[in-house]
Amino acid sequence: MKKFVFLVAIAIFGCKSDKAELPVQPSVATDSVTIIKPDQIEPAKEPPASNERFRDVVATKLSPDSFRVEGKAQVFEATFSWVVEDGHNELAQGFVTTSAGAPQWGTFSFVINVEKDRENSALNLIMFEESAKDGSRQHELFLPLY
């Protein structure tokens with residue numbers, strides 16, 4: 001009888017614990033690896049580029065060699081120039097007319113067709129306003145083309 005009382009006492013005191021029991025989370029080990037091919041990777045969305053003369057400029061890749069560039073510009077006589085370079089060479093250049101000239105902000109949208117000289121090179125678009133005084137580049141905005 002003493003053993004019975006002793007076992008009941010242990011059972012009663014053992015069940016009255018002040019500690020809250022945490023639920024047991026089963027862990028699952030996996031041996032598999034997910035392989036993502038380069039053409040399945042979505043490029044990171046870059047925030048719109050801006051400076052004192054260009055606002056909300058975004059470049060969208062249309063094809064491997066074609067990009068649409070859109071945004072707003074506050075430029076003299078509603079015109080600005082652009083150049084695409086790969087760090088070594090200028091691959092394309094041109095100019096764009098916006099919907100309004102300074103002091104207003106005019107909108108623009110244009111398409112650039114450019115091929116890389118080297119497959120692994122990075123293309124950069126440089127938009128700028130030309131100085132009426134000496135033709136130098138002013139207010140350059142650099143935009144990577146992905």
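Because only heavy atoms are used, hydrogens play no part in the values below, and waters and symmetry mates are left out as well, while side chains stay in.
Atom CG of Asp56 sits about 5.0 Å away from atom OG of Ser50, to the nearest 0.5 Å. Interatomic distance, Phe80 CZ to Thr98 OG1, rounded to the nearest 0.5 Å: 7.5 Å. Here the OG atom belonging to Ser81 is positioned 11.5 Å from the CD atom belonging to Gln138, to the nearest 0.5 angstrom. Atoms CD1 and CD, on Ile126 and Glu90 in that order, are 7.5 Å from each other to the nearest 0.5 Å. To the nearest 0.5 Å, atom CG of residue Leu141 and atom CD of residue Glu52 are 9.0 Å apart. If you take CG on Asp65 and CD on Glu115, they are separated by 4.5 Å, rounding to the nearest 0.5 Å.
Both Leu123 and Trp82 are assigned to one and the same hydrophobic cluster, defined by single-linkage of ILVMFWY side chains at heavy-atom distances under 4.5 Å. A continuous path of hydrophobic side-chain contacts links Phe108 to Leu125 [ILVMFWY only; heavy atoms under 4.5 Å]. In the hydrophobic clustering of this structure, Phe54 groups with Leu145; members are Ile, Leu, Val, Met, Phe, Trp, Tyr whose side-chain heavy atoms approach within less than 4.5 Å, directly or through other members. Cluster membership for Phe110 and Leu143, using ILVMFWY side-chain heavy atoms within less than 4.5 angstrom, is shared. Trp105 and Val69 sit in two unconnected hydrophobic clusters of ILVMFWY residues. Membership requires side-chain heavy atoms under 4.5 Å apart, directly or through other members.
If you check the side chains of Asp134 and Ser136, you find a donor sitting under 3.5 Å from an acceptor.
Residues Arg137 and Val83 approach most closely at NH2-CG2, 3.5 Å, considering heavy atoms. Nearest heavy atom pair, residue Lys72 against residue Val57, reads O-CG2, 4.5 Å. Nearest heavy-atom pair across Asn89 and Arg118 is ND2-NH1, 4.4 Å. Taking each heavy atom of Gly106 and Ser99 in turn, the nearest pair found is CA-OG, 3.4 Å. Closest of all the heavy-atom pairs between Asn51 and Arg53 is OD1-N, 2.9 Å. Pairing each heavy atom of Ser109 with each of Glu70, the nearest pair is OG-CG, 3.4 Å.
At a threshold of 4.5 Å between non-hydrogen side-chain atoms, the residues Thr79 and Thr97 count as touching.
Between the Asn124 side chain and the Phe142 main chain, no donor and acceptor come within less than 3.5 Å of each other. A donor-acceptor pair under 3.5 Å links the side-chain atoms of Gln74 to the main chain of Pro103, judged by distance alone. The closest donor-acceptor contact from the side chain of Glu129 to the backbone of Phe76 lies under 3.5 Å.
A salt bridge is absent between Asp86 and Lys116: the closest approach of a Lys/Arg side-chain nitrogen to an acidic carboxylate oxygen does not fall below 4.0 angstrom.
Taking the six-membered ring where the residue is Trp, the centroids of Phe67 and Tyr146 are separated by 6.0 Å or more.
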Verdict with supporting geometry, Val111 and Ser66, side chain to side chain contact (heavy atoms under 4.5 Å, CB included): CA-CA 7 Å; Val111 175; Ser66 182; 3.5 Å; yes

